[in-house]
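Here's the structure we're looking at; comments come further down.
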Amino acid sequence: MKISTYKHDVIVVGAGLAGLRTAIELSDKLDVAIMSKVHPLRSHSVAAQGGINASLGEDDSWEAHAFDTVKGSDYLADQDIVEILAKEAPRAVIENERWGTAFSRTEDGRIAQRPFGGAAFPRTCYAADKTGHNLLHTTFEQALRRGLKFYNEWFVTSLVRSDDRICGLTALELATGEVHGFAAKAVVLATGGFGRVYGHSTNALINTGDGCALALRIGAPLKDMEFVQFHPTCLFGSSILITEGARGEGGYLINALGDRFMDKYAPEKMELAPRDIVARAIRTEVLEGKGFEDEYVHLDLRQLGKEKIIERLPGIREICLYFAGIDPIEEPIPIQPAQHYSMGGVHTDKHGATLVSGLFAVGETACMSVHGANRLGGNSLLETLVFGRVVGKAVAEYIESVKSFNPAVVGQEAFDFRERLQTLLLHEGGDSTANIRETMGQTMDVLVGVYRKSDGLEAALKMIRELKTRFKNVSVGRSDEKFNFALIRTLELENMLDLAEVITMGALMRRESRGAHWRLDYPERDDKNFLKHSLFTKVEDYIKTELTDVNLGMFEVKERSY
Ligand SMILES: Cc1cc2nc3c(=O)[nH]c(=O)nc-3n(C[C@H](O)[C@H](O)[C@H](O)COP(=O)(O)OP(=O)(O)OC[C@H]3O[C@@H](n4cnc5c(N)ncnc54)[C@H](O)[C@@H]3O)c2cc1C
């Protein structure tokens, strides 16, 4: 079979908000292609509910937004990068409003803003509880309007480097099963988070961290991978997200004794403490025997009244009706924490550049880092739009500096990958992808979850490494070429196993408790040894770990209470 090589100046991998916004920035200057394993409107950005932060209020300021973000991050965020996020936020929101996003409004016609966890002011702009849906449709329309080239339902299988810089990638076309080479002077990874490494996650099934695994494999380091956010309020059983906006609008958390227990954990902020604190509070109540059926607590919205629930939280009501048979106007919602967001990701500088020339990362895939050890709700949608623009500009500058470019190796790499796939497809008799994936998810849920300790983490690492060995003998179960989703699930699993290993190594190495990372055996924050980012680099067959400095400067590092 002939292997063709396509050519573009820049390939953006991922058509969520981060990828689209980056490509839009580049559209009038360069030949840009966007590649996505699903139709762009099925990217996880579409599922964002609660909103996007910007200091639009009269009493609010970018400094207050920056402070809340840094404190929320348990002081691990890089303060120079948080400054860009907070300063640029109003511009990013207004730009999207002008493009057509139908934000909810106040009575006098301004963009409405609701209170969110860890924020000093109502700062979260929203479109009911379907903010991501609105933002993604608007941004996608803008990308279409600019005539950008889309490769939809193409799965990126590897990155290619030559002469120490990126020169393209290989990708599998789902409709045909063929692997092709793509030569490019720059590649931007905007592949979203890796939530599906966990069994219980609010993330779409496609959030398998492919970009992080691809970057790791060609020598670009990952950063702060042990910081995984668990969202406090996910529907019991299915783990579908119940937005923080539900608490922002006035929802209460109640245990089986009928207590509004957050007064013990965050007396000032109560239900609107940051997510790490609320998730731990819920887990503690359940572990102390004060949960319902030893598993969950209640999120009670009844005091909001029918009108407010229907106007502000219509999607949440639908989710409860369809997936739990509960009407939140009449009954409380059973909830428990589940994996939600990946604070860690591909290590970049403030322009999105990785340590491999020509390789950039943006959005949830990247770790710049603006969220540090714990992300505040509403800051992630914001990161995609603010840094999509920043990274787009940086990529354009980089391309100007590329004088020579050697795309010849791309075709060979595609050929080699295709050979590997043929062998994989025909292999029979080993473990199934589903079995390995289920064990990985359960291991991560139980041993690398909200609460961690060394013996559990060691057991998890041993299990993940065992699963990696079993994966070498995996059987895909289907050998057809067209739309072979069993093959895609297998390639995704390979990526996730690599990430599960790094997350667990990071959690074991970080002998302190900070933000979302809580060690029962080291319950204190340890600024002396661990006010540091962790970096993970693949060197031949092992992962090198090291610690690097955090950019401080604007705000003094203090104890964190709410
Ligand atoms: C249920 C839910 C609700 C949320 N609500 C909010 C909220 O209210 N406010 C907020 O700030 N944040 C929220 N978040 C977080 C926020 O939505 C995400 O962090 C953000 O949208 C990520 O955008 P992204 O562009 O980085 O990635 P995504 O939108 O996840 O897009 C990833 C893209 O990468 C592509 N891709 C991945 N792997 C490959 C591959 N191998 N080959 C080709 N393409 C690939 C996918 O096809 C997709 O197009 C929420 C998250 C969830 C899960």
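Counting starts at 1 for both ligands and their atoms, in listed order.
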R91, CZ: over 12 other non-hydrogen atoms inside 6.0 angstrom: yes
Contact with ligand 1 for Y126, non-hydrogen, under 4.0 angstrom: no
Proximity flag G193 to ligand 1, non-hydrogen atoms under 4.0 Å: no
Min N/O separation V156 to ligand 1 under 3.5 Å: yes
F194/Y341 aromatic ring centres below 6.0 Å: no
Side chain, backbone, both or neither: which applies to [X] and ligand 1 if a contact is any heavy-atom pair less than 4.0 Å apart?
X	value
N379	backbone
A204	neither
T384	side chain
Y341	side chain

Proximal candidate to atom 2 (C) of ligand 1 [heavy atom criterion; set H44, R21, R42, Q49]: H44
R420 charged N/C atom sitting above F417 aromatic ring, 6.0 Å / 45°: yes
Plane angle bin for F182 and W154 - parallel if under 30°, tilted between 30 and 60°, otherwise perpendicular: perpendicular
